[in-house]
Amino acid sequence: MKTLGIFDSGVGGLTVLREIAARGSAYDRIVYFGDTGRVPYGTRSRETIVRYSRQDVRFLLSRGADEIIVACGTASANALDDLKASFSLPITGVIDVSAEAAAAATKNGKIGVIGTAATIKSGVYPRKLKDLAPSAEVFGQACPLLVPLAEYGFAEPDNEIARLTCAHYLKELKEKGIDTLILGCTHFPLFAELIGEYLGPGVRLVNSGAELARRLSAGGSKTPVPEFYVSDDPAGFCADAAIFLGSDRPVSASLTDIAAYPAD
Ligand code: DGL
């Protein structure tokens, strides 16, 4: 029995789960934790993000996780090294796969990265891309408003507020002439259609969930029904998850007291 644990600050990690569920993997059980009581992570300090992420990992360990995917760009950018050093099970983040896909995709060497303020501030993407594509220019843009918009269900392609917000954040990247854009926050694939429309067909969007799922599907094709846990408002999470995962069965989620898990 092999269990995969996945965590994010909220619904964003569902973009990763959706891709894994669509392709299948070697896991018999998938446990997803959304920290809905403490979202967003992206506006917080590195210290807080590390503390929250350690608690998230401890919770998933308590549910039997053998491996963990940090399905959160912010936690991957700020806490992955700490988590790897603190825990002995395999832990994978979303940064490496995205940086590798972007380096392989770009033709003109102009790569945009959008993420939370904490992800952009960490400088993790320019650092990784310096090794993978030394001549590439990397342009970062924090898009903090997209996280609450996604959490409140304002991500439909016809949502005028979402459209204007995407245009506001992407204007400069478009002017720079990027041909590749890393969706560096797992909430952002929810806006892929709007972003694609604004930037045009010449710009390749890199979705870390899809990249990760491609790799995991090499190991097997099992598609277990995921178990969901959240730290607040299970009903609200379930409503979003059902729409988002396109599930034909009702999604249920259990409430967990994440503060009860040690952060040290
Ligand atoms: N989905 C997350 C990320 O990838 C977190 C967004 C947030 O909590 O601010 O960055």
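Just so you know, ligand 1 is whichever comes first in the structure, and atom 1 is the first atom listed for that ligand. Each residue takes its place number in the sequence, starting with 1.
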Taking N or O atoms only and a 3.5 Å limit, does Thr116 qualify as a polar contact for ligand 1? no

Heavy-atom side-chain contact between Leu80 and Ile91 under 4.5 Å: yes

Who are the ring pair (Phe, Tyr, Trp, His ring centres under 6.0 Å) partners of Tyr261, not counting sequence neighbours? Phe59

Using the ring pair (Phe, Tyr, Trp, His ring centres under 6.0 Å) criterion, which residues pair with Phe228? Sequence neighbours excluded. Tyr32, Phe237

Has Lys121 got more than 12 heavy atoms of other residues, nucleotides or ligands less than 6.0 Å from its NZ? no

Using a 4.0 Å cutoff against the non-hydrogen atoms of Val147, which atoms of ligand 1 qualify? 6 (C), 7 (C), 9 (O)

Among all protein heavy atoms in this structure, tell me which lies nearest to atom 4 (O) of ligand 1, with the distance rounded to 0.1 Å. Gly73 N, 2.5 Å

Starting from atom 9 (O) of ligand 1, what is the nearest protein heavy atom, named by residue and atom, and what distance separates them? Gly42 N, 2.8 Å

Under 3.5 Å: donor-acceptor pair, side chain of Ser76, backbone of Val70: yes

Using 4.0 Å as the upper bound for N to carboxylate O, is an ion pair formed by Lys2 and Glu67? yes

Can you tell me which portion of Pro40 lies within the under-4.0 Å heavy-atom range of ligand 1? Options are side chain, backbone, both, or neither. both

Around atom 5 (C) of ligand 1, find the nearest protein heavy atom and jot down its residue, atom name and distance. Ser9 OG, 3.2 Å

Logged contact type for Val94 with ligand 1, heavy-atom cut-off 4.0 Å, is neither

Just to be sure I read this right, does ligand 1 sit under 4.0 Å from the backbone of Thr74, its side chain, both, or neither, counting only heavy atoms? both

Show me which atoms of ligand 1 lie under 4.0 Å from any heavy atom of Tyr41. 7 (C), 8 (O), 9 (O)

Residue from Arg214, Arg215, Lys128 passing salt bridge (charged side-chain N to carboxylate O under 4.0 Å, His left out) with Glu100: Arg215

Got a second to check how far Lys222's NZ is from Leu4's CG, nearest 0.5 Å? 12.5 Å

Under 4.0 Å, heavy-atom basis, I'd like to know which part of Thr186 is in contact with ligand 1: side chain, backbone, both or neither. both

Looking only at N/O atoms, are Gly184 and ligand 1 under 3.5 Å apart anywhere? no

Side chain to side chain donor-acceptor pair (under 3.5 Å) between Asp35 and Tyr52: does it pass, once the steps are laid out? CA-CA 9 Å; Asp35 198 358; Tyr52 286 0; over 6 Å; no

So the atoms of ligand 1 within less than 4.0 Å of a heavy atom of Cys185 turn out to be 1 (N), 2 (C), 3 (C), 4 (O), 6 (C), 10 (O)

If you count the atoms of ligand 1 from 1 in the order shown, which ones are under 4.0 Å from a heavy atom of Asp8? 1 (N), 2 (C), 5 (C)

Does His187 reach ligand 1 with a nitrogen or oxygen that is under 3.5 Å from one of the ligand's nitrogen or oxygen atoms? yes

